[in-house]
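Here's the structure, in C-alpha cells; my notes come after.
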Amino acid sequence: MANEPSKYARLQIDGEEGEIELPVYQPTEGTPVIDVGPLAKSGYFTYDPGFVATASCDSDITYIDGDAGILLHRGYPIDQLAEHSNYLELCYLLLNGELPTDKENAEFVSTIKRHTMVHEQIAQFFRGFRRDAHPMAIMCGVVGALSAFYHDSLDIDDPEHRRITAHRLIAKMPTIAAMSYKYSVGQPFMYPRNDLDYAENFLYMMFGTPCEEYKVSPTLARAMDRIFMLHADHEQNASTSTVRLAGSTGANPFACIAAGIAALWGPAHGGANEAVLKMLAEIGDVKNIDRYIKKAKDPDDPFRIMGFGHRVYKNYDPRAKVMQQTCKEVLEELGVEDDPQLKLAQKLEQIALEDDYFVKRRLYPNVDFYSGIIFKAIGIPVDMFTVLFATGRTPGWITQWNEMISGPYKIGRPRQLYGGESQRDYVPITKR
Ligand code: SDX
C-alpha cells in the first residue's frame, strides 16, 4: 500500500456531529482507493455484496483496465506475452516480478521439470473415485491432499518452503490433470517426460499410451502453452480471492489452492468454458440464436450467454482476442476450420455485439468464450475444460498467496448487514 494518503475523503452522516476522515491512496495504475478501516471505530460497516467497489488488498502482480481492455502481468501486456513469451517464462515473471535471464530461465525450467512427478501413493487416491467422477472433484481432493506428502516444507513463514511449494504446484498440476483424464477413460497413467516442454508434456500425458510412441503436434503444443498463459493470473477474481482468504488463516498452500480450484469450478467463473460448449450444443443451430438471445435478455429467465460479460472488462477481454486467433490457427491446423460450433459461436458473438441489450451493458466475449472450442478440437473432453483453467491459473494463485504471506496480513473476517430476528426467548415444544 502507498505509505502516505494522497488526500482524504470526509464522511458526514445525517444527524451526527463531525465527520469521519478516510485516507485516499493512489495506485501506480488504475483506481484510487478509500481506506474505510477508520469506520471500524465509528459504529458503521461498509456494505458491498459481491465486492463490486471493494479492493480487498494491495498487489503488484496483475493490472486490469476493464474499460480499455488491458491486462498487464508485472507491467507486460498479455498480447505481447502471448506472442513473444511462453508459459514457464510467464510463471517466472509472476513469481519473481521480472523476466528471467537466459540462465535464470534455464534453471527455472529445469527445476519445474524435476518436480513434475507425483508420489506413487497419489495414484491410489484416484481408485476411490468412480470412473465418471467429474475431474474437478478429483482435482479438489488430490491437490488438497498433496500437503500430506510435504511435511518438510509447510512452514509458510519460510521463503524457501514457499518457493519449493510454488514450484511443486506449477510442476504437478498438469500431471494430476492428465491423471484425472486417464482415470476417467480407464487408460494407464503416463509418467511425465523431462525431454518435453511444459504444454507438450501435458498433451503427451493426456493422449500418449505405453503401447506406442506418441508425437505431440508442435502447433497444438504451442496453442496449449498459449492457453495456459491466457489463464495464468487475473487480479483479485473469485478463486484468487478464495485462495487469499484461505491463506489469511495460515492454512497450508496446497489447501488454499484446493479452495481456489473449488471456487473456480462455478459456471459463473472458470466453469464457464464448459458451460459455453453445453450452451452451443443446446442452441444447436444458427436459426435458434435469436430465440436464445431473447432468453438471455429476459430477467426472469436464468439463461445467460456463457462466455459473455465480465465484472471488470467493459470492453473486449484482451485474452478473448488472443484466444479467438488461436482458435482459428488450431482449427486450420486440424483441418476443421468449418467446425459448426465455431461458426455458431462466431454468429452468436456477431449478433450479441450488435444487440442493444449487450451494447448498453457493455457485455463482450471473455476468456471462456472460445477456449472450449479449441479444447474440443484438440480432443479434450468438456468436463476437463475447467481443469485446464485451474492448471493455467496455478502460478497466479500461488503468486498472489505468496505476496500476501510474505508481507504483513490479517485474517480475512468480513461483517454483515443483519436482517434476522432480534433476541427472543426459547419456547418449549409443548407451547409452540
Ligand atoms: C471468468 O473475475 C475474473 O477476472 C474472472 C475471470 C478470470 O480470469 O479469473 O476473468 C474468469 O470467470 C470469466 C467470466 C466467465 N463467466 C461467464 O462467462 C458466465 C456468463 N457471464 C455472467 O454470469 C456475468 O457476466 C459475470 C458473472 C461474468 C459477471 O457478472 P457481474 O459482474 O455480477 O454482472 P451482472 O451479473 O450484474 O450483469 C450486469 C448486467 C445484468 O443485467 P441487468 O440486471 O443490468 O439488467 O448484464 C447482464 C446481467 O443480467 N449480463 C448478462 C450476461 N452477463 C451479464 N446477460 C446475458 N448474458 C450474460 N452473459
Side-chain angles (χ1 to χ4, degrees), residues 30 48-56 59 61-67 69-73 78 90 94 227-244 260-280 282-283 289 291-323 345 348-349 351-353 355-373 385-386 388-397 399-400:
D48 183 17
F51 309 127
V52 177
T54 293
S56 62
S59 178
I61 301 164
T62 290
Y63 172 67
I64 302 172
D65 180 334
D67 290 328
I70 289 171
L71 169 59
L72 308 179
H73 291 312
I78 187 60
L90 175 53
L94 288 170
I227 291 169
F228 282 143
M229 292 179 78
L230 296 176
H231 289 87
D233 188 47
H234 211 239
E235 200 216 63
Q236 306 312 319
N237 58 83
S239 54
T240 299
S241 300
T242 301
V243 170
R244 280 181 174 260
I261 294 171
L264 185 77
W265 197 356
H269 190 14
N273 53 19
E274 181 176 344
V276 167
L277 264 288
K278 289 178 177 162
M279 172 190 72
L280 293 174
E282 185 185 337
I283 294 173
I289 288 180
R291 177 157 59 86
Y292 278 89
I293 292 277
K294 195 160 175 281
K295 281 170 60 71
K297 292 156 59 171
D298 177 355
D300 299 322
D301 189 324
F303 177 80
R304 288 285 175 274
I305 305 289
M306 302 314 280
F308 249 76
H310 198 277
R311 172 63 59 76
V312 179
Y313 289 122
K314 301 309 174 190
N315 197 327
Y316 235 96
D317 180 336
R319 301 168 298 174
K321 284 182 182 171
V322 178
M323 197 70 83
L348 177 62
E349 176 189 5
I351 292 173
L353 291 179
D355 185 291
D356 182 54
Y357 172 93
F358 292 84
V359 172
K360 198 167 67 169
R361 290 167 178 78
R362 303 175 73 188
L363 302 173
Y364 291 86
N366 59 50
V367 68
D368 294 306
F369 191 67
Y370 283 104
S371 57
I373 295 168
F385 289 4
T386 309
L388 300 196
F389 193 144
T391 303
R393 182 54 53 88
T394 296
W397 283 333
T399 300
Q400 298 270 354

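Throughout, residue positions are numbered sequentially from 1 according to the sequence presented. First listed ligand is number 1; within each ligand, the first listed atom is number 1.
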Sorted by chain and residue number, the salt bridge (charged side-chain N to carboxylate O under 4.0 Å, His left out) partners of Asp355 (sequence neighbours excluded) come out as Lys297
Against the six-membered ring of Tyr364, is Arg362 placed for a cation-pi contact (under 6.0 Å from the centre, within 45° of the normal)? no
Hits for side-chain contact (heavy atoms from CB on, under 4.5 Å) against Arg311, two or more places apart or cross-chain, chain-then-number order -> Val52
side-chain contact (heavy atoms from CB on, under 4.5 Å) filter on Lys294, not counting sequence neighbours, yields none
### Message
Classify the ring geometry of Phe308 against Phe369: parallel below 30°, tilted from 30° to 60°, perpendicular beyond 60°.
### Response
perpendicular
Lining ligand 1 at under 4.0 Å, by non-hydrogen atom distance, are residues His234, Asn237, Pro267, Ala268, His269, Ala272, Ala296, Arg304, Ile305, Met306, Gly307, Phe308, Gly309, His310, Arg311, Arg319, Tyr357, Arg361, Leu363, Asn366, Asp368, Phe389, Arg393
Quiz item: Hey, are the side chains of Glu235 and Thr240 touching, using non-hydrogen atoms and a 4.5 Å cut-off?
Solution: no
